[in-house]
> 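Just dropping this structure here.
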Amino acid sequence: MTGSANIGVVGAGAWGTALAAMLASDGRDVLLWAREAELVAELNDQHVNSFYLPDIELSPAITAISDIHAMAGCDTLLIVTPAQHMRAVLTDLPETKADLVLCSKGIEASSQKFMVDVAAEAVGANEIAVLSGPTFAHEVARAQPTAVTLACSSEAQWQRLSPAIARPHFRPYYSPDIIGAEIGGAVKNVLAIACGVVDGLELGQNARASLISRGFAEMSRFGLACGAQGETLSGLSGLGDLVLTCSSTSSRNFSLGMGLGKGQSAAELMADRRTVAEGASTAPVLQQFARARSVDMPIVDAVCALLDGKCSAAEMVGMLLARPLRAE
């Protein structure tokens, strides 16, 4: 059966499992790669992922594998590994002409490169797309309505990928702006930590709304400086994802910030997490990126100071409120 699926998902965390569930919702075969042998066995024998996505019954059309070389026959591969591990996983991929759809959000800390650049270096000439938008894994897995940006290298790639990925409850919108889709997904994770801090400190809805809107201004400044299109940044993969991630404890980054706001340390919060809060890794890289381009990102700077232990959560908020008055 491992050779019959023409679409594969690389990474069986919560988001990868949810995407596999979505793709298999109409009975089409899907391959799902996981590194852990015990997880592969559970997925195949019990059709559940009790560690990363509990309480979701998965389709038997999903076949879990631990040998990544079994993905060689797939036409489309969704890459859903944590951003900091993507290069290593892609390097292990068998030679393939498959379309690669990057579904992880972040910037590689060691190289300060976006995921699309990491993928291009790791696999060479494959056409690369980016899937990003306001998506909580448990809602996608339960077939609740979701819309995303699918940024493609060409319209021909969009014509191939959109029917392979779209489902009645999962609607992709085309964009040619790959860098814009990448930036929205990476920056919003850092801003979500800040919004979680506000919630942890119980500063109210006014403060959170202000932080989201000013965070969007930072995202827009940075994105435009990197060549992104304003329409992408104000769309699903930018503003849409920002609003979702900054408003719910279902967000890993928001939950991290909430814990920081309540006085816990970053080290203890991240040591106890089953899933990765990418914003913690992205924040210092994003800060360096922004400074190199002379882009002012005070919220990102404040999050970095908090994660580094240079200030408390309350002091972080104070830093932002004490900034000079200026035009919006």
Side-chain angles (χ1 to χ4, degrees), residues 15 82-84 104-115 130 132-135 179-201 207-226 228 232-233 237-261 266-267 269-270 273 275-293 295-311 313 315-317 319-320 323:
W15 183 217
Q84 305 310 318
S104 303
K105 301 169 182 178
I107 303 172
E108 187 178 54
S110 60
S111 68
Q112 297 187 19
K113 292 182 178 179
F114 291 107
M115 295 296 98
V130 169
S132 188
T135 49
I179 190 64
E182 280 245 75
I183 286 172
V187 175
K188 62 92 185 179
N189 283 333
V190 181
L191 301 174
I193 295 174
C195 283
V197 170
V198 165
D199 206 74
L201 289 169
R208 184 197 295 177
S210 299
L211 198 57
I212 290 173
S213 59
R214 296 309 305 159
F216 179 63
E218 291 192 20
M219 178 190 290
S220 298
R221 285 197 298 270
F222 180 74
L224 294 174
C226 293
T232 310
L233 299 170
S237 62
L239 181 59
D241 205 2
L242 176 66
V243 170
L244 180 72
T245 312
C246 291
S247 304
S248 173
T249 54
S250 293
S251 161
R252 294 164 291 187
N253 295 284
F254 184 90
S255 296
L256 171 60
M258 182 184 295
L260 293 169
L269 285 165
M270 288 188 285
R273 302 188 72 82
T275 52
V276 178
E278 291 284 8
S281 299
T282 300
V285 187
L286 180 58
Q287 183 184 54
Q288 294 173 36
F289 242 107
R291 288 178 175 175
R293 289 161 176 76
V295 178
D296 188 29
M297 301 188 80
I299 299 173
V300 172
D301 290 338
V303 169
C304 287
L306 177 60
L307 291 172
D308 286 345
K310 295 177 181 178
C311 67
E315 289 169 339
M316 184 200 93
V317 174
M319 287 166 51
L320 294 171
R323 282 173 52 79

> Looking at Ser104 and Ala83, what are the two nearest heavy atoms and their distance?
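Scanning both residues completely, I find the closest heavy atoms to be CB-N, 4.3 Å.
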> To the closest 0.5 Å, what do you measure between CZ (Arg291) and CE (Met297)?
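Separation between the atoms: 11.5 Å.
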> I'd like to check the side chain to side chain contact (heavy atoms under 4.5 Å, CB included) partners of Ser247; sequence neighbours left out, ordered by chain and number.
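Arg208, Ile212, Val243.
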> Looking at Ser255, is its backbone amide N or carbonyl O close enough to the side chain of Thr249 to form a donor-acceptor pair, meaning the two atoms are under 3.5 Å apart?
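It does not hold such a pair.
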> Please check if the side chain of Lys105 supplies one atom and the backbone of Gly133 the other of a donor-acceptor pair under 3.5 Å.
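Yes, Lys105 side chain to Gly133 backbone: donor-acceptor pair under 3.5 Å.
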> Show the nearest heavy-atom pair for residues Ala305 and Met319, with the distance to one decimal.
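In this case the closest contact between Ala305 and Met319 is CB-CE, 4.5 Å.
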> Identify the two heavy atoms, one from Val303 and one from Ala283, that lie closest to each other, and give their separation to 0.1 Å.
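For Val303 and Ala283, the tightest heavy-atom pair comes out as CG1-CB, 4.3 Å.
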> With sequence neighbours excluded, tell me which residues meet side chain to side chain contact (heavy atoms under 4.5 Å, CB included) with Ser110.
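Once residues adjacent in sequence are excluded, the partners of Ser110 under the side chain to side chain contact (heavy atoms under 4.5 Å, CB included) criterion are Glu108.
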> Please, which pairs that meet side-chain hydrogen bond (donor to acceptor under 3.5 Å, both in side chains) have at least one residue in residues 296-306, sequence neighbours excluded?
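As it turns out, the side-chain hydrogen bond (donor to acceptor under 3.5 Å, both in side chains) pairs with a partner in residues 296-306, which skip direct neighbours, are Gln287-Asp301, Asp296-Arg323.
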> Which heavy atom of Gly180 sits nearest a heavy atom of Ala228, and at what distance?
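Result for this residue pair: CA-CB, 3.5 Å.
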> Which distance, rounded to the nearest 0.5 Å, do you find between the CD1 of Ile299 and the SG of Cys195?
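Result: 7.5 Å between the selected atoms.
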> Identify the residue among Leu269, Val198, Val197, Asp199 that makes a side chain to side chain contact (heavy atoms under 4.5 Å, CB included) with Met258.
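Considering Leu269, Val198, Val197, Asp199, a side chain to side chain contact (heavy atoms under 4.5 Å, CB included) with Met258 is found only for Asp199.
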> Which heavy-atom pair separates Ala181 from Ser237 by the least distance, and what is that distance?
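Here Ala181 and Ser237 meet closest at CA-OG, 3.6 Å.
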> Check for a donor-acceptor pair, side chain of Glu182 on one end and backbone N or O of Met115 on the other, with a separation under 3.5 Å.
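Yes, because the side chain of Glu182 sits within donor-acceptor range (under 3.5 Å) of the backbone of Met115.
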> By side chain to side chain contact (heavy atoms under 4.5 Å, CB included), which residues pair with Glu315, not counting sequence neighbours?
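In terms of side chain to side chain contact (heavy atoms under 4.5 Å, CB included), with neighbours along the sequence ignored, Glu315 is linked to Cys311, Ser312.
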> Please round to the nearest 0.5 Å and tell me the distance separating atom CZ of Phe216 and atom CG of Leu233.
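Rounded to the nearest 0.5 Å, the CZ-CG separation comes to 6.0 Å.
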> Considering only residues two or more places apart or on different chains, which pairs with a residue in residues 211-226 satisfy side-chain hydrogen bond (donor to acceptor under 3.5 Å, both in side chains)?
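As it turns out, there is no side-chain hydrogen bond (donor to acceptor under 3.5 Å, both in side chains) pair with a partner in residues 211-226 once direct neighbours are skipped.
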> Calculate, to the nearest 0.5 Å, the distance between atoms CG and CE belonging to Leu307 and Met316 respectively.
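Nearest 0.5 Å value for the CG-CE distance: 9.5 Å.
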> Output side-chain donor-acceptor pairs under 3.5 Å for residues 184-194, partner residues at least two apart or in another chain, one line each.
residue, atom, partner, partner atom, Å
Lys188, NZ, Thr245, OG1, 3.3
Asn189, OD1, Asn253, ND2, 2.9
Asn189, ND2, Gly185, O, 3.3

> Just by modelled atom types, is the Ser281 backbone N or O under 3.5 Å from a matching donor or acceptor in the Gln84 side chain?
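No: the side chain of Gln84 does not pair with the backbone of Ser281.
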> Look at the aromatic rings of Phe222 and Phe289 and report parallel, tilted or perpendicular, splitting at 30° and 60°.
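Perpendicular.
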> Quick one: closest heavy-atom pair of Ala277 and Leu256, and the distance?
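Smallest heavy-atom distance, with atoms named: CB-CD2, 3.9 Å.
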> Nearest 0.5 Å, what's the CD1-SG distance between Ile183 and Cys226?
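Rounded to the nearest 0.5 Å, the CD1-SG separation comes out at 4.0 Å.
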> Within the 4.5 Å heavy-atom criterion, are Ser251 and Leu244 side-chain neighbours or not?
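No, their side chains stay 4.5 Å or more apart.
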